[in-house]
Amino acid sequence: SSQLSSLPLQILFYVNGIYYIFYFLATLAMIVYKSQVFSYPDDFLAPDLAVLFLMAILEVPRLYLGCKGNLTEEEAPLGLSLGITVGSVVLCVYLLAWQTYVLWADVVLNAVLLCAYGLESGLKVTVIAAFVS
Amino acid sequence: PTDTRGAAQQRARSAPAPVTDVTRLCVCDLLVAQCDPNCCCDPDCSPEDFGLFTSCSGPVVVGDSNLCRQKAAVYSLDVEANPPERIFQLIDQVNPSIFCIHAVNYKQALHLKAPEMPSAANFDRLLREFGGAAFSAEPQEWREDTETPNPPGAKENHTYEFGAPVQTEDAFLRLPSPVVSSWCSDANPAGFLVSQATKCIRSVSVEKCESIPGLSMLFYINSSILAVPKSSQRVNVTVQSIVVQSLEGGRTLLEGSDILRLPVASGELCSNVVLGVSYHITYTDTGEIVEAAAAFVLGTITKEALSVQQSFQISFTQVDTKPVPLSGSPGYVVGLPVRAGFRPQGYPFTSGIIESSNKHSQLSILQSSPSQDCLAAQGPRAPVLFGHNMISGCKLRITAALKCQPLAQTLLDVLKGQSFPEYVASFGNSQAQDVLDWVPITHLQLSEQRLSNPLQGSCQIPVSLGIEVKWTKYGSLVNPQARIVNVTATLSTTTLKQLPSGRERIIPVTSSVVFTDISSPAEPGYKAWPTINLKLPFDFFYPFV
């Protein structure tokens, strides 16, 4: 079989998309909860919300480019997607460790997302290597 | 040295740093260098003190309970050991909730904010922010509330409300009354529809009697009354009547009361001094004043008089109605006479109750006289006033010469009076034609029978009349009205024993009125919500049904 597209990577993209929607809504709801229950001044709330929305904006091209690159067996979109993934990983680490209030649920959600990113990055590198050679 | 002084000053200005170590925090340690009783975390307590404790107040010291993991200091008392020992444990408290705080990157989140210490630099700003008579979160709103553009009593559509001061051209209609002491204060305004009667003392002197304003008629009728508040319609105060009181106290009504009689000082007397004013204000049902009249009592004062007592009165009547003195509207007012009357006999469907024209003599009891002799000529009887329990009596001297039957009749007249009524009005404003609003008086007779001498001719004479009026609170919970439910007149009689001649006995004869409140405790309740009862007409589905 001369099919170089990776099925596990495609499955991972699909699952990642669904999980990310759930992750975004859950994190937004928890930020609202924190702002009501705890003391959350505006100049601490603004960066946290900005990071969350920036991550959501980055997620869309990341997944699209990844899918496109994998299915058309081109390494350029995949490479671009890998670059965006690095940015998403940084933002995810911010929400995991440097948020104003890190709840236990935050830790769990972000850890799962980080695992997914790590797995995707590994698979992308493998697939790019397969396409280039 | 200057550096350290500056640093020390800086330290003194800032608040002390908050203590967050749970091992050093103790909430119940209130006394310094002394052991607080039942405080297990107090460092000033020795093991002997712990032996005397019964329990630990404040057993656990933790930080914010929202944290996932934190250190907690647990203090407990081991009562099994002898003497009891204090046990201190430092444990890790775990919050199992999924929303527990794992990490906080905002240091001041879990502590109270340290207040800003005033210094030369920030004092003005702090004063602007927090200074003021009232320390409130929204100082702007407070300042706006204190400005009230409308004085009380003036509505948008400009009519007088109950209790609002009656306004005149210059200020208010004055009804001088005693304030704090018995001296007249001219600054008391008359309230609309508030009938008042006041008496006060004014200091006078014959030399200055023409110049004291409160003694001249002009002072009371000078300024005209405004028909409605803040309007230009004026109502002049007319002089209804002038009664002149002589020095001995005799009063004469003057004919032709149009002329204004001002105080005149002549030698040792000053005449035409105002001793009493009675205002009669006529109003419409929309709250407008249409007429005002004043009746004066003028008198004369002598040189020796240093003060004179003046009495003032104001009453309000609605236009086109005759003022009827009621005893309450609708419920009885405490202190007003109980209304009572007769029903003419022989007519099964009578037109109504007949009342005596003198309100104070409709229901009355015996009034004790100085001589206290029941058989003496009777003086006036005391009217029964609602809410006022009364007891009165006289003494009856029984001699051998007295005959029983005439004596019984005389005593009955003494106790009951010439016309004892049959019906009592249940409300203060019961109309004579509403017979059902009147309560019949129940008569009871208690006779003291001496069973020991049945053969002796028994002759009963009444010795006591007790009127018991049972009333209840009627109407709304907020404004209950007094309503008479039951009136019982109990006549007690006793046997008159024949006395040997020459001896005499004195028996007390009493009459009393008691008002009893029999109202059941009220329960507040709400009316049911109105329901919408929608029903289609009978033939709505005509062709099909």
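Below, all heavy atoms of this structure are taken into account, side chains as well, without hydrogens, waters or symmetry copies.
- Counting heavy-atom neighbours within 6.0 Å of B:D21 CG, excluding the residue itself, gives a total above 12.
- At least one side-chain heavy atom of B:I101 sits less than 4.5 Å from a side-chain heavy atom of A:L103.
- In this structure, the portion of A:Y33 lying under 4.5 Å from any heavy atom of chain B is its side chain and not its backbone.
- Neither the backbone nor the side chain of B:N95 comes within contact range of chain A; no heavy atom of the residue lies under 4.5 Å from a heavy atom of that chain.
- In this structure the side chain of A:W104 never reaches within 4.5 angstrom of the side chain of B:F99, judged on heavy atoms.
- Rounded to the nearest 0.5 Å, atoms OH (A:Y40) and OH (B:Y106) are 11.0 Å apart.
- Atom OH of residue A:Y94 and atom CG of residue B:N105 lie 7.5 Å apart, to the nearest 0.5 angstrom.
- For CZ of B:R125, the number of neighbouring non-hydrogen atoms (other residues, nucleotides, ligands) closer than 6.0 Å is greater than 12.
- For a heavy-atom cut-off of 4.5 Å, chain B lies close to no residue in residues 14-28 of chain A.
- Residue A:K34 holds its NZ atom at 12.5 Å from CG of B:N66, rounded to the nearest 0.5 Å.
- Heavy-atom neighbours of B:F123 CZ from other residues, nucleotides or ligands within 6.0 Å: at or below the threshold of 12.
- Looking at B:C68, only its side chain comes within 4.5 Å of chain A, counting heavy atoms on both sides.
- For chain B, the nearby part of A:F44 is the side chain; its heavy atoms alone come within less than 4.5 Å.
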